Engineer: 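Encoded as structure tokens, here's the structure I'll be asking about.
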Amino acid sequence: MSKSSKGRYFEDFEVGETLVHATPRSITEGDQALYTALYGARFAPQAADSLAQDLGLPAAPLDDLLVFHVVFGKSVPDISLNAVANLGYAGGLFLQPVFPGDTLSAVSEVIGKKENSNGKTGVVYVETVGRNQVGEVVLRFYRWVMVNKRDAASPAPEAVLPELPEALTPDELVAPLDFDPAALDTALTGSPHLWEDYAVGEKIDHGDGVTIEEAEHQLATRLYHNTARVHFNQHVESQGRFGRRIVYGGHVISIARALSFNGLANAFFIAGINGGRHTNPSFAGDTIYAWSEVLESAPLPGRDDLGALRLRTVATKNRAAADFPLLGEDGKTDPSVVLDLDYWVLMPRQG
Amino acid sequence: MSKSSKGRYFEDFEVGETLVHATPRSITEGDQALYTALYGARFAPQAADSLAQDLGLPAAPLDDLLVFHVVFGKSVPDISLNAVANLGYAGGLFLQPVFPGDTLSAVSEVIGKKENSNGKTGVVYVETVGRNQVGEVVLRFYRWVMVNKRDAASPAPEAVLPELPEALTPDELVAPLDFDPAALDTALTGSPHLWEDYAVGEKIDHGDGVTIEEAEHQLATRLYHNTARVHFNQHVESQGRFGRRIVYGGHVISIARALSFNGLANAFFIAGINGGRHTNPSFAGDTIYAWSEVLESAPLPGRDDLGALRLRTVATKNRAAADFPLLGEDGKTDPSVVLDLDYWVLMPRQG
Amino acid sequence: MSKSSKGRYFEDFEVGETLVHATPRSITEGDQALYTALYGARFAPQAADSLAQDLGLPAAPLDDLLVFHVVFGKSVPDISLNAVANLGYAGGLFLQPVFPGDTLSAVSEVIGKKENSNGKTGVVYVETVGRNQVGEVVLRFYRWVMVNKRDAASPAPEAVLPELPEALTPDELVAPLDFDPAALDTALTGSPHLWEDYAVGEKIDHGDGVTIEEAEHQLATRLYHNTARVHFNQHVESQGRFGRRIVYGGHVISIARALSFNGLANAFFIAGINGGRHTNPSFAGDTIYAWSEVLESAPLPGRDDLGALRLRTVATKNRAAADFPLLGEDGKTDPSVVLDLDYWVLMPRQG
């Protein structure tokens, strides 16, 4: 038996089985500094201990997406090393803030699988749960990936399709703090606009564009312990479908989130990810822009300090977002669109 | 009103107004590690807790220029997002060492403005002050930038020109420690040359050259929360004046400072920045060299442990600095020169 | 006398002299985070405090090779700034784990020198010792480098050739912990294979390949305070032998070690480096693969929790390692091979 793993194929997944992912990872101020250098994120509670403490947190928590990427990355060697495509996410729920020094571990349960009609690939559904060092769940999400079969001749298993939530409801969201909105200094947080100021249907162009470099997305993806080969190996990818390394989709999510500070500076926390599609691949040299639409606005049950906004953030490549590109003339997703993300953020309410 | 900011134009600045910059930023060991990876700075007190403690500091402070870049970066969204050019710095004074864990915030006062004769742009003068989490001023500096007018037809305001110091005087400099020079081990600090060994007029070639990469200057500039667009967006800059992203001028300052270790290893602290000009833009692929001249040497009032050297450090691109390039045959700044920096450093005196 | 150093030439080394290297360097969680981003290392004790503590360590130690690179880097300005080639390593012994916050310093003794028959260069042998802030030796190794003479006319010194160990013996290795193997959770460490499972002669293909970027190797090499010019200066190297910057050989060692997780996940610690050859230079754009062979397996005297494996890890560029490339048809090292490393690792034994 070979001691090095080639990753799991479609046949290797059993519905109901639990996969304990190696290796737990302590996340430190160093990781957060790298995250800042990679994306320039400036949301107040994550940027400054003093602002976090004003909000009732013990210190600046790690960026929510850094937590997401690390938990996701942990699952890659067991779930998606042979994935043809990451098809979707659902029900991503952030349950606890994570602080420098915490250690994250991850476990996935296989909750469904279905062979594709071509007989060569299948779709595997998993629920992945990330925990901190005292066992508290900090994040859980569902995802489904298209995975190669080891052997096209192996028989199709019985299809098991899980029921996945279309979107999280506001009462499911967990707010990580309990603070006095009067303590909020919007000069320091970067915007006067609070939860009440955002209207459903409102669209915001986030303005700036940032060009991706190979070294940047590789540093990011390794930081997350994500080992998917397409991101790192130009020797193989030069012969592949695109001739180039593909940027980890989560890298684009983090770029878009950082850009969204300009227009959504008080969207302090990501509370949930309802769904996301990487509609086109991104490559080094691409310049990423982003715009957002407010899909829904909801108070949080029992809270008068924070409200929830359901946002759609769309990232484009090599096309400014001032005209909110999404669909092309043919009614299909415009080729410039690389990300269509549906998520909940928490924002302070007027005091 | 749009919720995303396009930055302030010349008309938007009022002399006398105070701009509170978002977002305060906690700086950690992670930021210092990135600074090391970006520049390779090796000055002893910042490199090793043990050496800092030998000098009477509680721990290794952050690199002075890391502090400068973060305070500067905080001011960019409010001051220079629409800047055509950073015209100059003056009176930059470092007042307190900053340590990992400190949180920096910044405020600027508009101290002057004058429309240019072309009617399309104007010059704005600001004083920017950086503070730590207990409100102590750690750094203040003046800078002036050329900013676009929103509307060329808007009338010129009354010109207000502030009086700026040509250079700091030695008695203004603040030494961050009080130590016994006999405790100094120059084998560990990297050079036997102390304050008395440097003569006014002496020139030093710092020898090495380092090539800038796009990923490096982008990581650096984002680390400083500097959002100026010309550094990040190849999609736009490919159509711009240079066809390329422009490297943040402060990145070149930090490269030159790190190179200057070879010849100025005991220049432990930057105490003040008298002035600086970015005489030509730098781009990825450029190789930066540096040389320095001692402009002035002064004891520090009341101190026999440290002396001050006023230095001119000149950085060049794609040309070695062994012959101290500065002016071309036409008497103008040589096109290879990218930085001409005038600053005070503090260096131990002989015991 | 010039205040900037051009580095030492062959004539400058005296057998028996001790070189105290500047500047000691505190290594932090930030450095470890950068190391993770640069290589994606996932070995359990270094990745997670919780796993390190399960093994009886107070916290996650720094990666062994990060320690090696920093100690090595400290020696570069004094030993190898004018080196033509790093000819070899021997007797590298790791004696103490290093933790975030520790400060490393380094001293080298010149233990041999011999002029080459061409009269232009010579070989210098040194023993380099790295210590932590309380003076404990954490690492020592021998290396020899080919150094230019300042003046080809200077007479050849008497040749002094040190006796160097061909390989460390298992009884010399130092295990940094004392733990109960029953506490080991191999689901979390990434592999069920423990010391007893590896047979002498067994070869393992580590599978993945990673492409090197200029920004990555420069960030790494600066992080280690390694100032060797060939890694940083494209302006000079464009006129040099290869037309390109050469990647620091240690960067390739760290890539190979990180790749070796896939097949050797429980090789928790590098205990010794018997020898290493950089058989060909690597450049940005090269994709590095690796394979390993078990050369020797030995229990550790007095220990039933850990065993030692002597490994040969070979790294290739732009050629997959599935067929274990090493020698070409002509019996010489294959041109794709860039590293041939002989070292001891420590691995848990079955409980």
Side-chain angles (χ1 to χ4, degrees), chain A residues 1-7 18-35 37-38 73-74 77-78 81 100-107 132-134 213-229 231-238 245 284, chain C residues 28-44 46-52 59-60 100 185-191 193 197-198 202 204-211 213-216 218-219 258 260-265 284-289 291 317-320:
Chain A
M1 175 190 167
S2 168
K3 291 199 174 65
S4 56
S5 165
K6 301 270 184 282
T18 295
L19 302 167
V20 177
H21 305 306
T23 318
R25 167 130 161 56
S26 297
I27 311 190
T28 67
E29 293 175 341
D31 297 297
Q32 180 64 28
L34 263 160
Y35 192 86
L38 288 162
K74 293 286 112 207
D78 295 315
L81 214 57
D102 285 355
T103 297
L104 298 181
S105 60
V107 169
N132 63 18
Q133 68 279 7
V134 294
E213 297 295 323
E214 299 280 13
E216 292 171 0
H217 78 82
Q218 292 197 151
L219 287 169
T221 310
R222 279 188 296 247
L223 187 72
Y224 312 141
H225 275 183
N226 180 330
T227 57
R229 291 159 181 162
H231 309 314
F232 297 111
N233 188 327
Q234 182 59 26
H235 181 237
V236 163
E237 294 308 317
S238 67
R245 284 163 277 178
Chain C
T28 67
E29 291 174 343
D31 297 295
Q32 180 64 27
L34 263 160
Y35 192 86
T36 301
L38 287 161
Y39 307 109
R42 288 177 288 149
F43 293 97
Q46 292 82 22
D49 287 326
S50 58
L51 294 177
D185 183 342
T186 57
L188 297 183
T189 64
S191 167
H193 305 296
D197 300 319
Y198 290 83
E202 180 174 356
I204 301 161
D205 169 22
H206 301 306
D208 292 334
V210 293
T211 304
E213 296 296 321
E214 298 280 15
E216 293 170 1
Q218 293 196 152
L219 288 169
S260 79
F261 181 87
N262 193 353
L264 290 162
D286 284 343
T287 300
I288 305 296
Y289 296 85
W291 63 272
K317 64 177 182 181
N318 308 321
R319 174 172 169 176

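Values in this document were obtained by computation on a predicted structure and should not be read as measured data. Letters A, B, ... mirror the listed sequences (proteins, then strands); counts begin at 1.
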Engineer: How close do A:Gly30 and C:Ala33 get, counting heavy atoms only, and between which atoms?
Structural biologist: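 Looking at all heavy atoms of both residues, the closest pair is C-CB, 3.3 Å.
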Engineer: First locate atom OH of C:Tyr35, then atom CG of A:Leu223, and finally report the distance between them rounded to the nearest 0.5 Å.
Structural biologist: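 So the OH of C:Tyr35 and the CG of A:Leu223 are separated by 14.5 Å.
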Engineer: Pick one of side chain, backbone, both or neither for C:Ala44, based on which atoms fall under 4.5 Å of a heavy atom in chain A.
Structural biologist: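 Contact with chain A: backbone and side chain both.
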Engineer: Tell me the closest heavy-atom pair linking C:Ala47 and A:His225, and the distance in Å.
Structural biologist: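 Shortest heavy-atom contact: CB-CE1, 4.2 Å.
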Engineer: Return the option, out of A:Ala220, A:Gly101, A:Pro24, A:Pro77, with the maximum number of heavy-atom pairs under 4.5 Å with chain C.
Structural biologist: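 Sorted descending by pairs with chain C, the first entry is A:Pro24.
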Engineer: Between CD of C:Glu216 and CD of A:Gln218, what distance do you get to the nearest 0.5 Å?
Structural biologist: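 These two atoms lie 4.5 Å from each other.
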Engineer: Closest heavy-atom contact between A:Ser26 and C:Ala48?
Structural biologist: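 Scanning both residues, the minimum pair turns out to be OG-CA, 3.4 Å.
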Engineer: So, A:His21 side chain and C:Gly190 main chain: donor-acceptor pair closer than 3.5 Å or not?
Structural biologist: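 It does not hold such a pair.
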Engineer: Taking side chain as C-beta onward, heavy atoms only, is A:Glu214 less than 4.5 Å from C:Thr211?
Structural biologist: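 Counting from C-beta outward, A:Glu214 and C:Thr211 never come under 4.5 Å.
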Engineer: Do you know which of A:Thr221, A:Asp78, A:Leu34 has the most heavy-atom pairs under 4.5 Å to chain C?
Structural biologist: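 Counting heavy-atom pairs under 4.5 Å, the top option is A:Leu34.
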Engineer: Sort out for me which of C:Asn318, C:Ile204, C:Asp286, C:Thr28 touches chain A most, counting heavy-atom pairs under 4.5 Å.
Structural biologist: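 Between C:Asn318, C:Ile204, C:Asp286, C:Thr28, the count favours C:Asn318.
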Engineer: If you round to the nearest 0.5 Å, how far is OG of A:Ser2 from NE2 of C:His193?
Structural biologist: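 Spacing of NE2 (C:His193) from OG (A:Ser2) equals 7.5 Å.
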Engineer: Does A:Ala22 have any side chain to side chain contact (heavy atoms under 4.5 Å, CB included) partners at least two apart in sequence or in another chain, and if so, which?
Structural biologist: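 Here no residue qualifies.
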Engineer: The criterion is ring pair (Phe, Tyr, Trp, His ring centres under 6.0 Å); which residues satisfy it with C:Tyr198, sequence neighbours excluded?
Structural biologist: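 Expected list: none.
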Engineer: Could you check which of C:Gly207, C:Ala187, C:Ala52, C:Ala265 has the highest count of heavy-atom pairs closer than 4.5 Å to chain A?
Structural biologist: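 Top option by heavy-atom pairs under 4.5 Å: C:Ala187.
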Engineer: Could you walk me through whether A:Thr227 and C:Arg42 pass the side chain to side chain contact (heavy atoms under 4.5 Å, CB included) check?
Structural biologist: CA-CA 10 Å; A:Thr227 57; C:Arg42 288 177 288 149; 3.4 Å; yes
Engineer: For the CD atom of C:Glu213 and the NE2 atom of A:His217, what is their distance to the nearest 0.5 Å?
Structural biologist: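 Separation between the atoms: 7.5 Å.
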Engineer: Can you give me the closest heavy-atom contact between C:Asp208 and A:Arg229, atom names plus distance?
Structural biologist: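 Smallest heavy-atom distance, with atoms named: OD1-NE, 2.5 Å.
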Engineer: Let's test your reading of the structure: which of C:Asp31, C:Thr287, C:Asp205 forms the most heavy-atom pairs below 4.5 Å with chain A?
Structural biologist: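 Among C:Asp31, C:Thr287, C:Asp205, the one with the most close pairs to chain A is C:Thr287.
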Engineer: As an exercise, state the distance from CG of C:Asp197 to NZ of A:Lys3, rounded to the nearest 0.5 Å.
Structural biologist: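 The NZ atom of A:Lys3 is 6.0 Å from CG of C:Asp197, to the nearest 0.5 Å.
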Engineer: How long is the span from the CG atom in C:Leu38 to the CZ atom in A:Arg222, to the nearest 0.5 Å?
Structural biologist: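 The distance works out to 6.5 Å.
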Engineer: Are the side chains of A:Thr23 and C:Phe261 in contact, using a 4.5 Å heavy-atom criterion?
Structural biologist: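 In contact.
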Engineer: Please report the closest heavy-atom contact between A:Thr103 and C:Asp49, naming both atoms and the distance.
Structural biologist: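 The pair with the smallest heavy-atom distance is OG1-N, 4.1 Å.
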Engineer: Side chain, backbone, both or neither: which part of C:Ser191 has a non-hydrogen atom closer than 4.5 Å to chain A?
Structural biologist: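 Neither part.
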